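First listed ligand is number 1; within each ligand, the first listed atom is number 1. Being a predicted model, the structure only gives us computed values, none of them experimental.
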Amino acid sequence: MAKLTVRDLDVRGKRVFMRVDYNVPLEERDGQMAITDNTRIVETLPTLKLLIDKGAKIILAAHLGRPKGKREATMSLRPVGLKLHELLGRSVAFATDCIGEVVEKAAAHMKDGDILLLENVRYYNEEEANDPVFAEKLAKVADVYVNDAFGAAHRAHASTEGVARIVAKRGGFAAAGLLMERELKFLGDELENPARPFVVILGGAKVSDKIKVIDRLLEKADTILIGGAMAYTFKLAHGVKTGKSLVEPDHTGTALAAEKKAIERKVNFQLPTDTIIATPVDTGKLNKKGKPVYDLTNIRTIRGDIPDDAEGFSIGAETAANYARIIQSAKTILWNGPMGMFEDPRFAAGTNAVAQAVVDATQKNGAKSIIGGGDSVKALNKAGLGDKVTFMSTGGGASLEFLEGAVLPGVAALSDKK
Ligand code: AMP
């Protein structure tokens, strides 16, 4: 059932309690917390502008970091309020708490189109516990509930789920924001009946993290391309040696079951044919986290067994070219997880080749390309290609759970379209 969205609502003069994902990266500069990436704030601007135009009184709730129920000054949302003011070009009031008299007083003085940002909801442990009394306190200033925080929708917390239920129970509306609506459209509806060929690219560290997604997509995809360290568990399952590579020996059975299902369903399931490996040499030094630092020496490409003293770090050039060719003929593409340790430029070529192929398919072939969040979004942005795909999810864990077919509590709590 489709969910109600902000576009369906008449909110003039109403207090709209809007949950946003303002969990932005911060760093300390001259004793002040400075935001190092605005993306999450920018992503909420379309919904905010629409609500301003509609004459709503907008009350924004969000979490920042993990203060674990304490008022951690470094995790205050105040710098976010200042940045939002700058980006919107209109004043944004800030409440030093998210519940209580401060909030109620500030809300009472709001005019249509005003914005009030509440302090970090995770200053209270009751937020993550989805405590009903706390949710009632938050809901005191909510005539309407809007959720634009897709990245937090997989958690049933007071501000992502509890308040929505309370508002709906009172006969009010709980609606999706424009960003949330786009996430549900691209990660959900668009993949229900994809234009074919539908090519899925899966990478990243672990099979165990992605197996539910693989299993679900085996029912939809024409082709699945596997990369990243995840590929080594599949290789191990076939008796190929993986040296010191990141593998999950306990999941070789899982890997084989996925391949069996692929054969049954006639899905073209591909594993890398070549691998870039290196020999790690202990430097005797420790990093900031106290872990040993290794020099990665003798970087080379191999096929077949990885020597005992070596470790795999990426798909090789042959695999990248083969994957790129398959991707370029796709009409729908879903990509989740890098093809290797792309953060290190020595191992980024395979991931970058896949990124370029996804862009080419989108731009030249009219394919719909959907990037399922997390590190593949980082990889595309790093390659300067972020704006050349159809859709990049803003969620990490939430995107993965949604792609697995899980019902996200923050979505389930929204009102259905009539
Ligand atoms: P995930 O969060 O599961 O999508 O995994 C992403 C992480 O896996 C990134 O930080 C990559 O650097 C890492 N990764 C991908 N392939 C490899 C590999 N072959 N060896 C080590 N790390 C890898």
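- Using a distance-only test at 3.5 Å, with no hydrogens or angles considered, no donor-acceptor pair links the side chain of Lys212 to the main chain of Glu404.
- In summary, the atoms of ligand 1 found under 4.0 Å from a heavy atom of Tyr232, numbered by their order in the structure, are 19 (N).
- Counting heavy atoms closer than 4.0 Å to ligand 1, residue Phe347 contributes nothing at all.
- Where the criterion is an N or O separation shorter than 3.5 Å, residue side chain and backbone included, Lys206 fails it with respect to ligand 1.
- Put simply, the residue from Glu43, Glu183, Arg40 that forms a side chain to side chain donor-acceptor pair (under 3.5 Å) with Thr394 is Glu183.
- The option with the heavy atom closest to atom 23 (C) of ligand 1, from among Met339, Met341, Lys210, Glu311, is Met341.
- For atom 6 (C) of ligand 1, the closest heavy atom belonging to the protein is Asp375 OD2, 3.0 Å.
- Nearest protein neighbour of atom 13 (C) of ligand 1, counting heavy atoms only, is Gly340 O, 4.5 Å.
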Show me the donor-acceptor pairs within less than 3.5 Å that the side chains of residues 267-275 make with the rest of the protein, sequence neighbours left out.
from, atom 1, to, atom 2, distance (Å)
Asn268, OD1, Gln270, NE2, 3.1
Gln270, OE1, Asn322, ND2, 3.1
Thr273, OG1, Glu318, OE1, 2.5
Thr273, OG1, Thr319, OG1, 3.4
Asp274, OD1, Gly316, N, 3.4
Asp274, OD1, Thr319, N, 3.0
Asp274, OD1, Thr319, OG1, 2.4
Asp274, OD2, Ala317, N, 3.3
Asp274, OD2, Glu318, N, 3.0

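- Ranking the protein heavy atoms by distance from atom 3 (O) of ligand 1 puts Ala205 N, 3.0 Å first.
- Counting heavy-atom neighbours within 6.0 Å of Gln32 CD, excluding the residue itself, gives a total of 12 or less.
- Of the charged side-chain nitrogens involved, at least one lies within less than 4.0 Å of a carboxylate oxygen, so that Asp416 and Lys3 count as a salt-bridged pair.
- Here the shortest heavy-atom distance to atom 16 (N) of ligand 1, taken over Ala229, Gly203, Ala231, belongs to Ala229.
- Not a single N or O atom of Gly337, backbone or side chain, sits closer than 3.5 Å to an N or O atom of ligand 1.
- Note on ring orientation: taking the six-membered ring where Trp is involved, the planes of Phe150 and Phe402 are perpendicular (angle over 60°, cut-offs 30° and 60°).
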Show your working on side chain to side chain contact (heavy atoms under 4.5 Å, CB included) between Leu385 and Val389 and close with a plain yes or no.
CA-CA 8 Å; Leu385 300 170; Val389 293; over 6 Å; no
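- Summary of contacts: the protein heavy atom closest to atom 9 (C) of ligand 1 is Glu343 OE2, 3.3 Å.
- Atoms of ligand 1 lying under 4.0 Å from at least one heavy atom of Gly312, given by number and element, are 18 (C), 19 (N), 20 (N).
- Salt bridge annotation for Lys83-Glu86: present, with a cationic side-chain nitrogen under 4.0 angstrom from a carboxylate oxygen.
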